[in-house]
Amino acid sequence: MASPVLAPLQGMTDLAAPEVFLWQRIEDAFREVLARYGFTEIRTPVLERIEVFARAIGAETDVVQKEMYAFEDRGGRRVALRPEGTAGAIRYAAGAGATEARIFYLGPMFRAERPQAGRRRQFHQLGIEALGPPSPAADAECVALQAHLLDAIGLDGFTLRVNTRGAAGDAEAVAAGLRAALAPLADGLCADCARRRDRNVLRVLDCKQPGCRTLVQSLPPVTRFMAEPSRAYLAEVQRLLRRLEIYAVEDPLLVRGLDYYRHTIWEIAHPALGAQDALSGGGRYAIDLAGRTVEGVGFAMGLERLVMALQARGVEPADPAADRRIWIVSAGDAVREDNLVLAQALRRRGIPCSLDLAGRSLKAQMRAAGRAAVRRVVLRGEQEQARGVYRLKDMRDGSERELDLPALIEALTG
RNA sequence: GUGGAUGUAGCUCAGUCGGCAGAGCACCAGGUUGUGGCCCUGGUGGUCGCGGGUUCGAGUCCCGUCAUCCACCCCA
């Protein structure tokens with residue numbers, strides 16, 4: 001890029017054809033499936049008061065502490081670009097007084113991180129929130145929906161792992177239990193984990209260092225430190241998932257980052273992705289905002305990562321209108337204006353239709369049609385214009401025939 | 001915030017020991033005065049990321065900086 005002004009900001013990308021066709025296909029498929037489950041779209045602002053995120057996600061989390069695009073607006077309010085979608089959706093629900101709802105969102109999120117494979121500063125998520133009191137059935141349905149969505153876009157080869165965070169009352173005992181279990185093993189921990197042990201002990205469980213990874217294998221599962229109802233809750237979710245023909249690996253080392261999770265948590269990863277291999281993650285939560293508590297279960301999917309996984313499986317973006325599109329080719333300048341009028345008439349009848357507006361040669365127009373891989377070309381020059389006919393060419397076998405306007409429209413729409 | 005790699009034409013990249021800025025693809029035109037692809041010929045296109053330094057001379061060496069990619073922290 002010749003000038004930095006011509007490039008998007010760090011970690012942000014322009015999304016254009018042909019890749020955008022793949023995004024549109026994914027979004028269309030998602031909307032169709034979500035409607036079957038009774039979810040309706042919620043479009044919340046990208047910018048929120050900073051407390052919305054601090055309260056919902058956790059004021060001490062890294063996401064809030066160091067990854068938010070936060071600033072003061074002109075009225076002196078502390079605001080931030082949303083780093084995830086749940087907080088805003090819950091703010092909406094709490095404000096509306098809704099305790100039961102089925103909503104989804106789809107749009108850009110922002111985190112001021114260093115970019116890497118599968119991680120951008122502006123990225124896109126589809127998320128759903130099924131608001132309501134704790135219910136293993138709701139959790140299982142949510143996981144099943146997620147698998148259904150991946151199926152609908154033709155992605156396979158992913159892995160699904162589930163675990164539990166337990167009830168709110170279990171958190172203390174789990175942290176204390178893990179710290180106690182780690183105490184005799186502290187020498188084997190990496191430097192990061194030595195810090196995590198005090199600050200965020202759950203994160204020791206998914207450390208990437210080989211030494212820590214073998215060490216945590218010997219720890220008791222987190223469920224060991226939870227009350228019986230929490231264990232039963234997870235077991236019931238698993239039973240229901242099996243009835244829904246969803247196979248989920250129970251992984252006591254699975255950890256999820258945000259503070260609001262309770263009970264069931266899960267993650268879908270794909271081996272084609274690299275270090276950031278989580279396609280989607282979700283869980284049950286309870287979020288307090290301004291004295292109102294909203295409970296629910298939901299998940300978020302990273303759309304960039306979905307696209308990466310699809311492309312790794314050989315899926316190519318394609319213009320959905322390509323095989324219906326025709327090109328109108330003008331021979332001679334005298335017909336160009338009439339052909340513009342023709343193009344408009346065809347488009348009004350639903351025919352995707354392109355033509356050269358820059359006055360290029362016949363040869364160049366034919367080349368453009370060939371490049372666009374259109375199946376048919378309408379060639380119209382002064383000869384055809386004088387005789388009131390249209391020459392329809394099949395680009396695959398090169399055959400041509402002359403038609404009048406009604407016959408042409410019939411041929412193109414039929 | 002930390003670490004590594006990489007920045008040369010629209011794209012992918014070559015450029016030797018410091019000595020005239022290159023290839024393939026793409027694009028444009030012609031070969032064919034009204035017909036795409038294949039072939040042939042020709043052509044357009046460059047702030048060698050940016051700034052400084054060393055040198056008679058820097059794409060090449062040195063310093064800084066920005067960006068991209070990958071990884072860490074953290075997370076979808």
Side-chain angles (χ1 to χ4, degrees), chain A residues 1-13 57-58 60-68 83-86 108-127 146 190-193 195-196 199-200 202-203 206-209 255-258 266-270 273-283 298-309 327 329-335 358 360-385 391-400:
Chain A
M1 200 72 67
S3 161
V5 180
L6 298 180
L9 287 172
Q10 180 174 53
M12 310 204 175
T13 46
I57 300 167
E60 301 308 315
T61 57
D62 275 24
V63 169
V64 168
Q65 285 287 311
K66 54 178 218 189
E67 290 167 9
M68 281 205 298
E84 54 91 87
T86 297
M109 310 292 162
F110 303 84
R111 291 184 199 175
E113 307 176 276
R114 286 288 287 271
Q116 71 184 82
R119 167 179 290 165
R120 305 269 77 117
R121 289 185 163 184
Q122 176 176 335
F123 60 105
H124 298 78
Q125 287 187 336
L126 164 77
Q146 208 171 359
C190 71
D192 282 327
C193 282
R195 180 171 49 80
R196 290 179 180 123
R199 206 173 70 93
N200 189 1
L202 283 174
R203 279 289 168 198
D206 69 351
C207 181
K208 288 172 183 169
Q209 297 296 322
V255 177
R256 294 191 45 73
L258 310 180
W266 68 89
E267 194 164 288
I268 291 179
H270 201 283
L273 285 186
Q276 306 302 321
D277 65 350
L279 276 181
S280 182
F299 62 78
M301 279 194 193
L303 297 188
E304 280 81 359
R305 294 183 188 180
L306 276 183
V307 169
M308 285 171 70
W327 272 70
V329 169
S330 304
D333 291 335
V335 287
R360 271 193 274 269
S361 70
L362 173 61
K363 186 171 185 159
Q365 294 177 64
M366 289 300 297
R367 250 205 310 276
R371 236 196 332 272
V374 299
R375 250 170 48 207
R376 291 179 293 192
V377 162
V378 174
L379 190 147
R380 188 162 175 249
E382 288 157 35
Q383 296 165 20
E384 288 79 10
Q385 187 178 35
R391 185 175 288 272
L392 182 61
K393 173 164 182 159
D394 186 312
M395 293 293 272
R396 285 178 298 191
D397 59 20
S399 65
E400 296 183 8

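Residue numbers begin at 1 in each chain, while the letters A, B, ... track the order of the sequences.
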Send over the distance from [X] [atom1] to [N] [atom2], rounded to a whole Å.
{"X": "A/Arg203", "N": "B/C73", "atom1": "CZ", "atom2": "C1'", "result": "11 Å"}
{"X": "A/Arg195", "N": "B/U2", "atom1": "CZ", "atom2": "P", "result": "15 Å"}
{"X": "A/Arg367", "N": "B/G36", "atom1": "CZ", "atom2": "P", "result": "8 Å"}
{"X": "A/Glu113", "N": "B/C70", "atom1": "CD", "atom2": "P", "result": "14 Å"}
{"X": "A/Gln209", "N": "B/C72", "atom1": "CD", "atom2": "C1'", "result": "9 Å"}
{"X": "A/Arg396", "N": "B/G37", "atom1": "CZ", "atom2": "C1'", "result": "14 Å"}
{"X": "A/Lys208", "N": "B/G3", "atom1": "NZ", "atom2": "C1'", "result": "14 Å"}

Find the partner of [N]: check Watson-Crick (N1-N3 plus N6-O4 or O6-N4) and G-U wobble (N1-O2, O6-N3) distances, both under 3.5 Å, and reply none if neither fits.
{"N": "B/G57", "value": "none"}
{"N": "B/G18", "value": "none"}
{"N": "B/C38", "value": "none"}
{"N": "B/G3", "value": "B/C70"}
{"N": "B/U65", "value": "B/G49"}
{"N": "B/C27", "value": "B/G43"}

Contact summary for [X] and [Y], nearest pair of heavy atoms:
{"X": "A/Ser330", "Y": "A/Val335", "answer": "CB-CG2, 3.8 Å"}
{"X": "A/Gln125", "Y": "A/Phe123", "answer": "NE2-CE1, 3.5 Å"}
{"X": "A/Glu382", "Y": "A/Asp333", "answer": "OE2-N, 4.3 Å"}

Integer angstrom distance from the [atom1] of [N] to that of [M]:
{"N": "B/C48", "M": "B/G59", "atom1": "P", "result": "8 Å"}
{"N": "B/G1", "M": "B/C56", "atom1": "P", "result": "41 Å"}
{"N": "B/U68", "M": "B/G52", "atom1": "P", "result": "23 Å"}
{"N": "B/G31", "M": "B/G36", "atom1": "C1'", "result": "16 Å"}
{"N": "B/G7", "M": "B/A14", "atom1": "C1'", "result": "15 Å"}
{"N": "B/C25", "M": "B/U44", "atom1": "C1'", "result": "16 Å"}
{"N": "B/A58", "M": "B/U16", "atom1": "C1'", "result": "15 Å"}
{"N": "B/U54", "M": "B/U60", "atom1": "C1'", "result": "13 Å"}

Do [X] side-chain and [N] base share a donor-acceptor contact under 3.5 Å?
{"X": "A/Lys363", "N": "B/U35", "value": "no"}
{"X": "A/Arg119", "N": "B/C74", "value": "yes"}
{"X": "A/Gln365", "N": "B/G34", "value": "no"}

Within the 4.0 Å heavy-atom criterion, would you say [X] contacts the bases, only the backbone, or no part of the nucleic acid?
{"X": "A/Arg371", "result": "sugar-phosphate"}
{"X": "A/Glu84", "result": "nothing"}
{"X": "A/Gly127", "result": "nothing"}
{"X": "A/Gly11", "result": "sugar-phosphate"}
{"X": "A/Arg256", "result": "sugar-phosphate"}
{"X": "A/Leu303", "result": "nothing"}
{"X": "A/Gln383", "result": "base"}
{"X": "A/Met301", "result": "nothing"}
{"X": "A/Arg196", "result": "sugar-phosphate"}
{"X": "A/Gly282", "result": "nothing"}
{"X": "A/Arg305", "result": "base"}
{"X": "A/Phe299", "result": "nothing"}
{"X": "A/Ala117", "result": "sugar-phosphate"}

Compare side-chain N and O positions of [X] against OP1 and OP2 of [N] and report whether any pair is under 4.0 Å apart.
{"X": "A/Arg360", "N": "B/A29", "value": "no"}
{"X": "A/Gln276", "N": "B/C72", "value": "yes"}
{"X": "A/Gln116", "N": "B/C70", "value": "no"}
{"X": "A/Lys66", "N": "B/C74", "value": "no"}
{"X": "A/Arg120", "N": "B/A76", "value": "no"}

Nearest to the side chain of [X], which nucleotide is it out of [options]?
{"X": "A/Glu384", "options": "B/C75, B/G34, B/G36", "result": "B/G34"}
{"X": "A/Gln125", "options": "B/A76, B/C75, B/C74", "result": "B/A76"}
{"X": "A/Arg114", "options": "B/C73, B/G3, B/C27", "result": "B/G3"}

Response to the item:
Sorted by position of nearest nucleotide on RNA chain B, 5' first, the leading residue of A/Gly302 and A/Leu362 is A/Leu362

Practice prompt. Identify, between A/Pro115 and A/Ile268, the residue whose nearest nucleotide on RNA chain B lies closer to the 5' end.
Written response: A/Pro115

Worksheet item: Between A/Glu113 and A/Arg119, is there a side-chain N and carboxylate O pair less than 4.0 Å apart?
Response: yes

Discussion item. I want to check something: taking the side chain as every heavy atom from C-beta on, are A/Gln209 and A/Cys193 in contact at a cut-off of under 4.5 Å?
Written reply: no

Worksheet item: What do the steps show when you test A/Trp266 against A/Gln146 for side-chain contact (heavy atoms from CB on, under 4.5 Å), and what is the final call?
Response: CA-CA 11 Å; A/Trp266 68 89; A/Gln146 208 171 359; 2.3 Å; yes

Discussion item. Nearest 0.5 Å, please: how far is CD in A/Glu304 from NE2 in A/His124?
Written reply: 6.0 Å

Worksheet item: Looking at CG of A/Leu303 and CE of A/Met308, how far apart are the two atoms once the value is rounded to the nearest 0.5 Å?
Response: 13.0 Å

Discussion item. Using a 3.5 Å distance criterion without hydrogens, assess whether the side chain of A/Arg396 forms a donor-acceptor pair with backbone atoms of A/Arg375.
Written reply: no

